[in-house]
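Shown next, in structure tokens, is the structure this report addresses.
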Amino acid sequence: MPELPEVETVMRGLEPHMIGRKINHVEQRRADLRFPFPENFPTRLMGAEIISLSRRAKYILVQLDSGESWMIHLGMTGRFTINAAGDVKASSGQAGHNSWPLAEPHDHVIITLDDGGRVVYNDVRRFGYMDLFATANELDHPSLANIGPEPLSDKFNTKQLANAIQKKKSAIKSVMLDQAVVAGLGNIYICEALWRSNINPKTPANKISTKRLSLLVDVVKEVLSDAIAAGGSSLKDYRKADGELGYFQHQWDAYGKEGEECGKEGCDGIIQRFTQSGRSTFYCPKHQK
DNA sequence: AGACGTACCTGACCGC
DNA sequence: TGCGGTCAGGTACGTC
């Protein structure tokens with residue numbers, strides 16, 4: 001499912017329900033997602049208090065007072081649903097509180113907290129995965145050790161980007177998908193950022209001028225910030241609805257707009273779609289040169 | 001090292 | 001209605 005803004009939104013949605021809570025019970029409903037669950041996964045979570053949540057790239061990290069961190073990657077279709085403490089769910093047919101719905105298809109992990117609330121992980125395609133590791137060793141985790149800077153931090157800047165791609169002859173679209181270059185971007189936001197910065201996705205990465213890289217850096221930050229803001233406002237609606245955290249309504253300029261008129265001011269191009277490293281790229285051939 | 005391609009999995013959708 | 005092909009927001013791993 002998700003790129004950085006969606007993961008950030010999910011994490012922020014989980015925070016108020018999880019921080020300071022103790023994990024009373026963990027139901028692990030299958031042996032693996034994309035990879036096997038870590039050894040004794042439920043036991044290692046149970047009894048622990050949740051100290052804080054954070055995000056690195058597209059990973060959610062949950063810091064526990066046991067000294068371990070619970071790492072979650074949502075893959076393509078991972079979602080969390082919150083059954084907040086005190087909510088009464090009628091669908092189970094049982095009267096009274098804590099009467100939660102039965103597990104739905106593709107619910108793989110069900111966490112029960114000490115206030116009676118639940119956090120349910122659902123993942124249709126099972127490209128997501130989870131791990132547990134000593135919090136002190138976070139920087140050494142194989143999934144986290146080799147990823148690039150957070151795009152919203154100062155560590156992602158023109159100099160860093162120019163340096164990271166100076167030897168890369170591949171198309172800029174494919175290069176920006178590389179999590180070692182910059183963390184957290186995915187297919188949609190790269191299409192959007194290139195559209196906003198007028199860069200043709202086919203351009204060899206090392207052929208882009210410093211001036212245009214500088215614009216790209218600014219635009220990436222802008223696109224992600226806008227999306228996080230949209231996700232934040234959508235969180236209010238999740239509370240009212242069924243507690244599901246995941247995608248939110250968002251309007252794209254290029255992604256998914258094949259055949260439509262380019263919405264860039266003063267541009268009368270038509271958005272086209274083609275395939276790059278196995279993924280769909282959407283762009284406007286008229287203003288993305 | 002870089003630059004590919006392939007694999008992992010389910011479901012939605014489209015044309016016949 | 002059914003069936004096969006294609007596509008989907010990600011990443012690890014194999015090969016050249």
Side-chain angles (χ1 to χ4, degrees), chain A residues 1-11 29-37 55-60 71-80 103-109 121-131 141-148 151 163-195 201-207 220 223-224 226-228 230-231 234 244-259 272-283:
Chain A
M1 144 174 86
E3 302 181 33
L4 185 153
E6 290 80 21
V7 178
E8 179 74 20
T9 300
V10 170
M11 186 210 69
R29 297 172 52 80
R30 53 177 298 125
D32 52 40
L33 296 172
R34 180 169 183 191
F35 305 116
F37 279 90
R55 179 193 56 72
R56 173 76 171 109
K58 299 170 193 167
Y59 296 89
I60 293 171
M71 187 178 87
I72 301 138
H73 194 290
L74 302 172
M76 296 274 264
T77 52
R79 298 176 298 146
F80 276 105
E104 304 208 357
H106 313 298
D107 282 352
H108 304 309
V109 178
Y121 180 76
N122 180 290
D123 189 349
V124 172
R125 290 173 72 184
R126 304 202 302 272
F127 284 1
Y129 57 101
M130 297 187 184
D131 201 2
H141 191 282
S143 296
L144 303 175
N146 298 314
I147 50 183
N163 189 52
I165 69 179
Q166 62 178 345
K167 290 186 181 158
K168 301 203 183 266
K169 298 176 208 161
S170 301
I172 186 66
K173 161 73 190 309
S174 306
V175 167
M176 297 295 284
L177 273 175
D178 182 351
Q179 300 295 295
V181 170
V182 56
L185 292 186
N187 204 37
I188 293 180
Y189 290 101
I190 295 168
C191 289
E192 294 296 302
L194 293 174
W195 181 90
K202 298 172 189 167
T203 313
N206 60 358
K207 299 283 186 202
V220 163
V223 165
L224 296 177
D226 288 355
I228 289 171
S234 76
E244 182 180 317
L245 301 168
Y247 279 132
F248 41 84
Q249 296 290 325
H250 206 286
Q251 198 55 46
W252 312 119
D253 288 313
Y255 186 82
K257 298 281 189 180
E258 182 181 19
Q272 297 192 359
R273 180 176 93 134
F274 68 105
T275 301
Q276 279 180 303
S277 30
R279 321 289 304 276
S280 283
T281 297
F282 297 84
Y283 82 118

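All chains are named by letter (A, B, ...) in the order of the sequence lines, taking the proteins before the strands, and each is independently numbered beginning at 1. Computed from heavy atoms alone, side chains included, the values below leave out hydrogens, waters and symmetry copies. This structure is a prediction, so every number in the text was calculated from the model and none was measured.
- The residue Arg126(A) sits close only to the backbone: its heavy atoms come under 4.0 Å of sugar-phosphate atoms, none of a base.
- Rounded to an integer number of Å, the gap from OH of Tyr59(A) to P of dT11(C) is 6 Å.
- In terms of phosphate contacts, Gln179(A) brings no side-chain nitrogen or oxygen within less than 4.0 Å of OP1 or OP2 of dG10(C).
- Leu144(A) places its CG atom 17 Å from the P atom of dG10(C), with the value rounded to the nearest Å.
- A close approach under 4.0 Å does not occur between any side-chain nitrogen or oxygen of Tyr129(A) and OP1 or OP2 of dG10(C).
- Using atom P as the reference point in both dG5(B) and dC7(C), the two lie 15 Å apart (nearest Å).
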- Query: Is there a salt bridge (charged side-chain N to carboxylate O under 4.0 Å, His left out) between Arg125(A) and Asp123(A) once you walk through the steps?
  - Reply: CA-CA 6 Å; Arg125(A) 290 173 72 184; Asp123(A) 189 349; over 6 Å; no
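- A donor-acceptor contact under 3.5 angstrom links the side-chain atoms of Arg125(A) to the base of dA8(C).
- Taking the P atoms as reference points, dT6(C) lies 13 Å from dT6(B), given to the whole Å.
- If you take CG of Asn122(A) and P of dG11(B), they are 11 Å apart, rounded to a whole angstrom.
- The phosphate of dA8(C) (OP1 or OP2) has a side-chain N or O of Arg273(A) nearer than 4.0 angstrom.
- Both distances falling under 3.5 Å, in either a Watson-Crick or a G-U wobble arrangement, place dG5(C) opposite dC13(B).
- Per the geometry, CG belonging to Asp123(A) stands 13 Å off C1' belonging to dT11(C), to the nearest Å.
- Once rounded to the nearest 0.5 Å, the distance linking CG of Asn122(A) with CD of Glu104(A) reads 7.5 Å.
- Residue Ser277(A) places none of its side-chain N or O atoms closer than 4.0 Å to OP1 or OP2 of dC4(B).
- Contact check, His106(A) against dT10(B): no side-chain N or O comes under 4.0 Å of OP1 or OP2.
- When the side-chain nitrogen and oxygen atoms of Ser280(A) are compared with OP1 and OP2 of dA8(C), one or more of them lie within a distance under 4.0 Å.
- In this entry the distance linking CE of Met71(A) with P of dT11(C) reads 11 Å, nearest Å.
- Per the stacking criterion (ring centres < 5.5 Å, plane angle < 30°), Phe127(A) does not stack onto the base of dC9(B).
- Checking dC9(B), dG11(B), dA12(C) against the side-chain heavy atoms of Phe35(A) singles out dA12(C) as nearest.
- The aromatic rings of Tyr129(A) and Phe35(A) sit perpendicular, their planes meeting at an angle over 60°, well past the 30° parallel limit.
- In this structure, Gln166(A) places its CD atom 15 Å from P of dA1(B), rounding to the nearest Å.
- Considering only side-chain N and O atoms, Thr77(A) lies nowhere under 4.0 angstrom from the phosphate OP1 or OP2 of dG11(B).
- How far CG of Asn187(A) is from CZ of Phe282(A): 8.0 Å, rounded to the nearest 0.5 Å.
- Rounded to whole Å, atom C1' of dA12(C) lies 15 Å from atom CG of Leu177(A).
- When rounded to the nearest whole Å, the span between CZ of Arg279(A) and P of dT6(B) equals 15 Å.
- Closest to the Val124(A) side chain, of the nucleotides dG10(C), dA12(C), dG11(B), is dG11(B).
- Dashed line: the shortest gap from a side-chain N or O of Lys58(A) to OP1 or OP2 of dT11(C) is under 4.0 Å.
- Here Phe274(A) and Tyr283(A) bring their ring centres to under 6.0 angstrom of each other.
- Rounding to the nearest 0.5 Å gives a distance of 5.5 Å between CG of Leu185(A) and CG of Leu224(A).
- Nearest to the side chain of Arg34(A), among dG2(B), dC4(B), dA7(B), sits dA7(B).
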